[in-house]
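What's counted below: heavy atoms across the whole structure, side chains too, no hydrogens, waters or symmetry copies. On a predicted model such as this, the values are computed, not experimentally measured, just so you know.
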Amino acid sequence: MKQTFSIVALSALIVCSCSRHMDYYDESQSNTVNELKNAENKIGVTIDPSQSWVLTEKHTLHITSMPADMVVERVAVMDENPLVSADAAVLAMSAKSSSLSFEAPKGLTRLYAVCIAADGDVRVAEFQTADCQVSFEAVSPYSVVARARGTAARSRRVPQSSNALNWQPTSNALTFGWNDQWAYVERGDVDVHFTNVNYYIDMVHCFLPEGGMNFRDSLNNTEIVRNNYYAVVGAGGGEVTLTPIYRETSNRVSRFGYFYFEPNADRDITTVRKYVFEEGVPFNYFHASSIDDEQTLPQYRLIYYDQDGNPSYTFPEGTHIGFFNVVPNSGFGVEGDYFWYGLYGSNYDLTKRMADGNVLPEWAKTNTDWCNYSHTVMFERGGVKYIGFEDWVKDFDMNDIVLMIDGNVEDLPVAPTGSCRENVKYYRYSYAFEDTRNGDYDMNDVVLRVWRPAMNASYLNVELAAVGAADRIKMYYTNQDGERIALFGGKAARELFEEQGYDSEFFNTREINAPTLPLTRVDVTDFGDFTYATADFFIVNETNGLEIHMPAALGLVGTAPHGVCMPQKDWRWPKERTSIVTAYPEFRGFANNQHVNVDWWLSPIVERTLTIVDE
């Protein structure tokens, strides 16, 4: 059993080091009253006698209902929505379970429960730490509503017969001698009301960022873009609907359309009839920042014509539906309308003409194969099906027009969710130490950064981020079996930077002068029983003969903050000789009352602090 003090004599350590169960504290060499008084003078307040310096809390999430449309493999608690943020990090993860214990920063009250399938698909539910209960029972995030009276002259009736459609050759037919034809399709009188349309836009942009060149760099190397890929009508046939949720293109008149092949039908893109929706996607979708969360957007039901020309909203089972976008009067060296298709090779003639007209960007001029590939991407995220279009060749971010596809359509490929697959990021923590009894409390004498690098890792990475001490200091960890583990091979902190060729009085405390950080690792027997706030990372100052633990690791309260664990790997530590309260003014209130300013570590005065941001 450890004694209730956080600074110990090195001489006692030497005497007792032969037994891992012995105490390391020598009471005769302690002066805790003076230590506390010095800390209170430096911080400027009376330290809360119940202050444990712990910045995290333990919770248990209860899941009352799992998703019914997926086979859940894992359940996680994350700090951000992984469908929206690629930086979302895991606080805890386990095999499928209705309850999950986790450690979270005290100031982080809104978290996300995530169910993960083997293929990487996810379902996300937001919850508050005050409740810690979620249900994944399906709830429609949007609703179909009738359009306001007078805004549409057409009713939601069965469409007109094909004989009444105004069929005409496409620009491709005029230009390249094709025989295909197209006709405009009317919009009906149904809209979709969204309570948070930006949620869906963000899901798309996380996978297809603006200007991301994803087409050339990644999409065609994954299953997400299958050239010649179609939306397939499911068993029994049925309706298929499209809802445009976003447009980010300078082409104000961009439209979208579809074509289809019945099962076992001849598939010739140059002769099949195309259906173009009569309206361009509204321009007010152009900038995401200008879109209100609550939106009412048009929905389109696709029309099917049988071999006798009879119209219907019901497609036969197994029908393959393809998509394209069209930009009338392009101004890019091609007269009239031009159509970009979602099929391999279907855009070749058009892009060759554009190349001959010298209107392509430089990257496209030097790439000999891009014109063969799809201008359409179809994928699922979070159980929602999407279609994205590229309407020219400038950036190939595939998000110029974004639609949601619904109805009786077979599953689409699941877009990778980086924060939920094998490269999942676990939440990260920083440990800051004062190396003397009566220190200056700049909390940078030793700064360690600790994190679990992968969801299947049985160890922690430990990184030495800063050394603001001239003394000889070594770093240790007491594992779950009570064994003291010397970190970094038992070498002193300054020595580790010097071995890398850095020569300085201090490292990364006056400026970032040693950016390559020493790294080691320690094994963890049971992550289910591990908490960062009480993990016993500690330092030994061999020059002064002191051993310094975090108070929380020893179960102490009301002491000087010789060590504090910040729930943030890239925490900004104070510069040399800059008090923690000078760098973080909110720290003073927290020191005086452990229930106040519990997220003080999020509010640095940047010019008084330093960090190294990395992955």
Side-chain angles (χ1 to χ4, degrees), residues 2 5-10 13 24-25 32 35-36 38-39 42-43 47 51-55 428-450 460 462-478 484-488 490-497 506-509 517-518 520 522 532-554 556 559-569 571-581 583-584 587 591 601 609-612:
K2 294 182 177 68
F5 295 92
S6 61
I7 299 183
V8 299
L10 181 61
L13 167 62
Y24 302 116
Y25 170 72
T32 57
E35 293 167 18
L36 182 59
N38 173 71
K42 292 294 193 303
I43 296 171
I47 291 175
Q51 178 62 263
S52 65
W53 305 109
V54 171
L55 298 174
R428 302 177 175 194
Y429 296 78
S430 298
Y431 295 81
F433 295 93
E434 269 300 302
D435 70 341
T436 62
R437 253 190 209 109
N438 297 307
D440 55 7
Y441 288 96
D442 55 14
M443 302 303 292
N444 67 16
D445 294 332
V446 172
V447 179
L448 299 176
R449 309 202 295 191
V450 179
L460 294 167
V462 182
E463 190 175 57
L464 177 58
V467 180
D471 293 347
R472 181 176 177 80
I473 297 176
K474 294 185 177 181
M475 296 143 288
Y476 293 83
Y477 168 66
T478 304
R484 296 161 60 89
I485 309 298
L487 302 179
F488 302 99
K491 294 180 180 179
R494 294 178 52 79
E495 182 182 351
L496 292 167
F497 281 111
F506 302 121
F507 299 99
N508 297 335
T509 63
L517 304 182
T520 189
V522 293
Y532 287 92
T534 59
D536 194 12
F537 289 94
F538 63 96
I539 64 174
V540 172
N541 186 331
E542 293 187 344
T543 302
N544 289 340
L546 299 173
E547 180 174 318
I548 301 169
H549 295 252
M550 294 190 307
L554 303 183
L556 304 179
T559 68
H562 298 118
V564 179
C565 172
M566 270 65 64
Q568 185 185 38
K569 174 178 177 280
W571 176 67
R572 301 186 66 90
W573 54 88
K575 290 182 177 179
E576 190 61 32
R577 300 297 180 185
T578 300
S579 168
I580 185 69
V581 294
Y584 289 87
F587 181 83
W601 45 276
T609 58
L610 294 167
T611 193
I612 297 176

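Between I47 and L36 there is a side-chain heavy-atom pair separated by less than 4.5 Å. With a 4.5 Å cut-off on side-chain heavy atoms, F507 and R494 count as touching. Put simply, the side chain of L464 reaches to within 4.5 Å of the side chain of L448, judged on heavy atoms. Counting heavy atoms from C-beta outward, H562 and L546 have side chains that stay 4.5 Å or more apart. Under the 4.5 Å side-chain criterion, counting only non-hydrogen atoms from C-beta, N444 is not in contact with E434. Side-chain contact between I473 and F433 is absent, with no heavy-atom pair separated by less than 4.5 Å. Within the 4.5 Å cutoff, the side chain of L610 has no heavy atoms near those of the N508 side chain. Between M550 and W53 there is no side-chain heavy-atom pair separated by less than 4.5 Å.
Partners of K575 by salt bridge (charged side-chain N to carboxylate O under 4.0 Å, His left out), not counting sequence neighbours: none found. Residues satisfying the side chain to side chain contact (heavy atoms under 4.5 Å, CB included) criterion with R577, sequence neighbours excluded, are D440.
Taking each heavy atom of F506 and G468 in turn, the nearest pair found is CD2-C, 3.4 Å. Nearest heavy-atom pair across P567 and Y429 is CA-CD2, 3.4 Å. The heavy-atom pair separating S430 from W571 by the smallest distance is OG-CB, 3.6 Å. The minimum heavy-atom distance between A466 and T509, with the atom names listed, is CB-CG2, 4.1 Å. The two residues P551 and G563 come nearest to each other via the heavy atoms CD-O, 3.2 Å. In this structure, A535 and A553 approach most closely via the heavy-atom pair O-CB, 3.9 Å.
N541 contributes atom CG, which lies 8.5 Å from atom CG of D445 (distance to the nearest 0.5 angstrom). If you take NE2 on H549 and CG on L556, they are separated by 10.0 Å, rounding to the nearest 0.5 Å. Separating the OG1 atom in T436 from the CD atom in E35 is a distance of 9.5 Å, to the nearest 0.5 Å. Rounded to the nearest 0.5 Å, atoms CG (L460) and CZ (R449) are 15.0 Å apart. Atoms CD1 and CG, on I485 and D536 in that order, are 11.5 Å from each other to the nearest 0.5 Å. Taking OH of Y584 as the reference point, atom CE of M443 lies at 11.0 Å (rounded to 0.5 Å).
Note on R484 versus E547: salt bridge recorded, some NZ/NE/NH1/NH2 to OD/OE distance being below 4.0 Å.
Taking the six-membered ring where tryptophan is involved, the planes of F537 and Y431 are tilted, since the angle between them lies from 30° to 60°.
Under a 3.5 Å cut-off, the side chain of T609 and the backbone N or O of W573 do not form any donor-acceptor pair. Checking side-chain atoms of T534 against main-chain N and O of A552 turns up no donor-acceptor pair under 3.5 Å. In this structure, T578 contributes its side chain and D442 its backbone to no donor-acceptor pair below 3.5 Å.
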**Request:** Begin with the C-alpha distance, continue with both residues' side-chain angles, and end with the deciding distance and a verdict on side chain to side chain contact (heavy atoms under 4.5 Å, CB included) for V446 and D435.
**Result:** CA-CA 8 Å; V446 172; D435 70 341; 5.9 Å; no
**Request:** Take V462 and Y477, measure what side chain to side chain contact (heavy atoms under 4.5 Å, CB included) needs, and give me the verdict at the end.
**Result:** CA-CA 10 Å; V462 182; Y477 168 66; over 6 Å; no
